[in-house]
Amino acid sequence: MQKKLVRRALCLLGVCVVMSGQAFSQSTPVQTLQQSFETYAQQTAQEKVYLHTDRSAYLAGETMWFKAYLVEAARHYPSNLSKVLYIEVLNQEQVPMLQTKLAMSEGAGNGFLEVPPNLPSGNYVLRAYTNWMKNAGAAFFYEKPITVINTFRPFQVPATGPSVEFDTQFFPEGGQLVNGLPSKVAFRVVDKNGKGGSFVGSVLNAQNDTIAQFYTYKFGIGSFTMTPQAGQTYRAVFKGPNGQMFTQPLPRAQENGTVLAVSSNGPDNLQVKVQQKGAGQGNVHLLVHTRQQVAYA
């Protein structure tokens, strides 16, 4: 089943395919799906924080001045959901060295932090978040690198140690891999500080045959295409610029299910392809949204 959607204004698309047999009967109109999504978007509002500082480097003993902006993530309008913003300075071990609270009004607030005279020279991370943002996890917090120079203490250069461990995540485009159906799999490789790594690698099956090859783009993000087969297991082998290597197993493929694929079909067109395998899959509903605003249903 293929559908071409002409939506020039939709630069960022979220595409949801919901099985009729799972949440909706075949007789339920698609408007019900759209209304349910809009209700969900209202009940799960998200916030974004931006912190504008007077500088990016400070001497120990100086004052760090900043202005905070708090907006709703969907439309970037000022958010009144949270009234308190939490701000902290983390060292390289992710330990808070400075902390403060800032009162927010109509999505804005002003404040400062006193840099202690005894704070060691080094690179730090300025982080800001609200209590509501904790629901989505620390990955959604605002972070900005800053430097502190203490003229009375030497700059601390970290000693060379073992290679940094990397966290790898795989994201099949349709939500899951299904045996016999081609799928595009996105992945992300970051270190313990959340910085993306530069890697090349291959996807191997249980017989060590190469199924796909890949490399990372900016921020440690990449993708590859594969067609999993029944009875097989797969793993990705990563090789970094300094020769470091590690392997990561891929999610196990399902025997039956639905696979979604979105591709560009020209500057003004998107092609959405849905494939199903297995009895009883039924009809599907297609929902396209951007910034939690429904564009097509």
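This chain uses plain numbering: 1 for the first residue, then up along the sequence.
- The neighbour count for Lys144 NZ, taken as heavy atoms of other residues, nucleotides or ligands under 6.0 Å away, is above 12.
- With Glu62 contributing its side chain and Val115 its backbone, the two residues share no donor-acceptor pair below 3.5 Å.
- In this structure, Tyr217 has its ring center closer than 6.0 angstrom to the ring center of Tyr215.
- A perpendicular orientation is assigned to the rings of Phe224 and Phe170, their planes being inclined by more than 60° (bins at 30° and 60°).
- In the hydrophobic clustering of this structure, Leu81 does not group with Tyr142; members are Ile, Leu, Val, Met, Phe, Trp, Tyr whose side-chain heavy atoms approach within less than 4.5 Å, directly or through other members.
- For the atom pair Leu70 CG and Glu106 CD, the distance stands at 11.0 Å (nearest 0.5 Å).
- Relative ring orientation between Phe238 and Phe187 is described as perpendicular, the plane-to-plane angle rising above 60° on a 0-90° scale split at 30° and 60°.
- To the nearest 0.5 angstrom, Phe112 atom CZ is 7.5 Å from Thr100 atom OG1.
- Contact annotation: the side chain of Gln276 approaches that of Val284 to within less than 4.5 Å [non-hydrogen atoms, C-beta and beyond].
- Looking at Arg252 and Asn179, their side chains never bring a donor and an acceptor atom within 3.5 Å of each other.
- Taking hydrophobic clusters as Ile, Leu, Val, Met, Phe, Trp and Tyr residues chained together by side-chain heavy-atom distances below 4.5 Å, Val237 does not share a cluster with Tyr234.
- We find the CD-CG distance between Glu143 and Leu51 to be 12.0 Å, quoted to the nearest 0.5 Å.
- Between Phe246 and Phe199, the ring center distance clears the sub-6.0 Å criterion.
- Side chain of Glu47 to backbone of Ser82: a donor-acceptor contact under 3.5 angstrom is found.
- In this structure, the side chains of Met64 and Leu98 stay at 4.5 Å or more apart for every pair of heavy atoms.
- Scanning both residues, Val89 and Tyr124, for their nearest heavy atoms gives CG1-CB, 3.7 Å.
- Counting all heavy atoms, side chain and backbone alike, Asn150 lies closest to Pro117 at ND2-O, 2.8 Å.
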